[in-house]
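Since this is a predicted model, take the numbers as computed values, not measurements.
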Amino acid sequence: MSSSIFSSEVLRSWWRRPAAEKRRALLGAALLVAIVPIAHGLAAAVDEALLPYSSLAPYVLAREALTESTEVVFAGSSHFLLGIRPDLFSFDAMSVVGPGWDYRTLEAAVRANLDRTPNLRLAVVELDLFPLRIDTPFVQRGRCRTLRVWGIGPEEVPCSDTDLDAGPFGAWAEILVPSPRLTPWAIWEIVKPRFVGPVEGRTPIAGHRRVEAVGDPERHGPRRVAWLRDRFGARYVEHNRAALERLVGLLVARGVEVVLLRMPHQESFTGSVPAAWSEQLDEVVAGLREASGRELPVWDYEDAPGFAPTDFMDSVHLNAAGVEKLAGLLERRIGELPASPY
């Protein structure tokens, strides 16, 4: 006799059961079918309510802070997320930022939120090797919640998320339909609670993640360059370059002044960067100026002498001390622009 649950013997056995027992079984199955989408909706609602108190709080609060009063936007990757604190400026500024963002993702984030800032006067856009050479879906490795918070859909940046927003059963379908990828760790990534409390035990800051630690930039710099070279090479340069051109073109078309900003980096990183990569950035700037018809200023603080090793958490990210130094420099530079908000 076959052991399959679909064998004729199993079916005959089922039909021989008492009618009341069959009704109870069918009722239980119907309740299960009804409860699963309700539970999904409830979980999604609770998740949404907890977002301002989760590790995603800096992005949730930043997006909410983009309003008609916003005059200056800082658009960049984790270098801006850790290195620029919008509330330190005397004018109404906010950041559109995310970790591991390439220029394709940055363009999508700005495009999705530009209508929130009808009076935007200035956009400070990151100019860096990281968003030029990396690929966000690879870097995020399935943790794509940051993109969804900013209103970026999978059709713009195809990043599959282990989350409850992927259909009526969401990521739980991964468990209901097992696959070879489902290790215990992968299951935990699916079901683990996303509420983690206030960021780093402090009140979350819109558009900024505060870090006070001083890292070991001497070891970090060469490793970072090797990671860029070995993981990505030049595979994504052209499509990120095109995305940056579209981003600048979008801002210019809206009448927004654009400044390109190179963030401070430690010598252990800059000294390890191949000369060809630096020349590539110069070519990108030349292409942006030609495509936009604007003489886009470049504020280059990559090797700024005013930053000490104690101002960095690693070779490419500022800590809280470095953030305050940079804010003072940017406040003065922005005040000198024709589009200055003060």
Side-chain angles (χ1 to χ4, degrees), residues 58 62 72-89 93-103 105-107 109-110 122-134 136 139 205 207-215 217-218 220-225 227-228 240-241 244 247-248 258-273 277-278 280-282 284-285 288 296-334 337:
V72 178
V73 159
F74 297 96
S77 67
S78 62
H79 302 146
F80 275 29
L81 172 64
L82 275 71
I84 294 178
R85 181 170 171 173
D87 63 352
L88 291 181
F89 298 100
M94 189 42 58
S95 291
V96 178
V97 289
W101 278 14
D102 56 17
Y103 280 124
T105 305
L106 189 58
E107 181 215 354
V110 172
L122 173 67
V124 180
V125 179
E126 180 178 7
L127 178 65
D128 200 273
L129 288 169
F130 287 90
L132 182 65
R133 302 186 74 87
I134 67 171
T136 292
V139 175
I205 303 169
H208 177 68
R209 191 176 295 282
R210 178 182 172 89
V211 176
E212 297 180 357
V214 177
E218 293 304 317
H220 182 267
R223 289 203 305 263
R224 198 71 167 174
V225 172
W227 178 74
L228 281 175
N240 280 321
R241 179 174 180 167
L244 179 57
L247 170 58
V248 171
V258 178
V259 167
L260 303 174
L261 175 62
R262 299 197 70 177
M263 292 290 284
H265 291 335
Q266 282 274 32
E267 196 278 333
S268 67
F269 174 80
T270 58
S272 303
V273 170
W277 292 11
S278 299
Q280 196 171 53
L281 274 183
D282 294 337
V284 166
V285 172
L288 289 172
L296 303 173
V298 176
W299 294 350
D300 191 349
Y301 292 101
E302 185 171 59
D303 297 309
F307 292 89
T310 52
D311 294 324
F312 292 84
M313 66 161 288
D314 58 31
S315 64
V316 295
H317 295 99
L318 294 173
N319 60 19
V323 167
E324 293 192 10
K325 284 186 179 181
L326 182 62
L329 295 172
L330 293 179
E331 177 93 17
R332 290 192 292 273
R333 293 291 291 269
I334 291 174
L337 290 172

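By the 4.5 Å heavy-atom criterion applied to side chains, L132 and L244 are not counted as neighbours. Within the 4.5 Å cutoff, side-chain heavy atoms of H265 are placed close to those of D128. Inter-residue side-chain proximity for L330 and F74 is flagged as met; some heavy-atom pair is nearer than 4.5 Å.
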**Item:** V285 and L296: CA distance, side-chain angles, deciding distance, side chain to side chain contact (heavy atoms under 4.5 Å, CB included) verdict
**Value:** CA-CA 8 Å; V285 172; L296 303 173; 5.8 Å; no

**Prompt:** When you look at V110 and V125, which way does the side chain to side chain contact (heavy atoms under 4.5 Å, CB included) test go after all the steps?
**Reply:** CA-CA 10 Å; V110 172; V125 179; over 6 Å; no

**Request:** I would like to know whether L261 and Y301 meet side chain to side chain contact (heavy atoms under 4.5 Å, CB included); could you show each step before the answer?
**Result:** CA-CA 8 Å; L261 175 62; Y301 292 101; 3.5 Å; yes

**Prompt:** Stepwise, does the side chain to side chain contact (heavy atoms under 4.5 Å, CB included) test hold for Q266 with H220?
**Reply:** CA-CA 10 Å; Q266 282 274 32; H220 182 267; over 6 Å; no

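Closest heavy-atom contact between V96 and A109: CG1-CB, 3.7 Å. Closest of all the heavy-atom pairs between P264 and L326 is CD-CD2, 4.3 Å. Closest non-hydrogen pair, A93 versus P86, comes out as O-CB, 3.5 Å. Across all non-hydrogen atoms, the minimal contact from V273 to S278 is CG1-OG, 3.9 Å. Between S78 and H317, the shortest heavy-atom distance links the atoms OG-NE2, 2.8 Å. Closest non-hydrogen pair, V97 versus G207, comes out as CG2-O, 3.8 Å.
Without hydrogens or angle criteria, E126 side chain to M263 main chain gives no donor-acceptor distance under 3.5 Å. A donor-acceptor pair under 3.5 Å links the side-chain atoms of N319 to the main chain of G322, judged by distance alone. Remark: the backbone N or O of D102 is paired with a side-chain donor or acceptor of T136 at under 3.5 angstrom.
With rounding to the nearest 0.5 angstrom, the CG atom of L129 is 11.5 Å from the CG atom of N240. The distance from atom OH of Y103 to atom CD1 of I134, rounded to the nearest 0.5 Å, is 10.0 Å. Note that OG1 of T270 is 5.5 Å distant from CD of E302, once rounded to the nearest 0.5 Å. Atom CZ of R224 is separated from atom CG of D314 by 6.5 Å, given to the nearest 0.5 angstrom. Interatomic distance, CH2 of W299 versus CG of L329, reported as 10.5 Å (0.5 Å rounding). Here the CG-CD distance, from D311 to E324, works out to 10.0 Å after rounding to the nearest 0.5 Å.
Taking the six-membered ring for Trp and thresholds of 30 and 60 degrees, F130 and F269 have nearly parallel ring planes, at less than 30 degrees apart.
Looking at H208 and S95, their side chains never bring a donor and an acceptor atom within 3.5 Å of each other.
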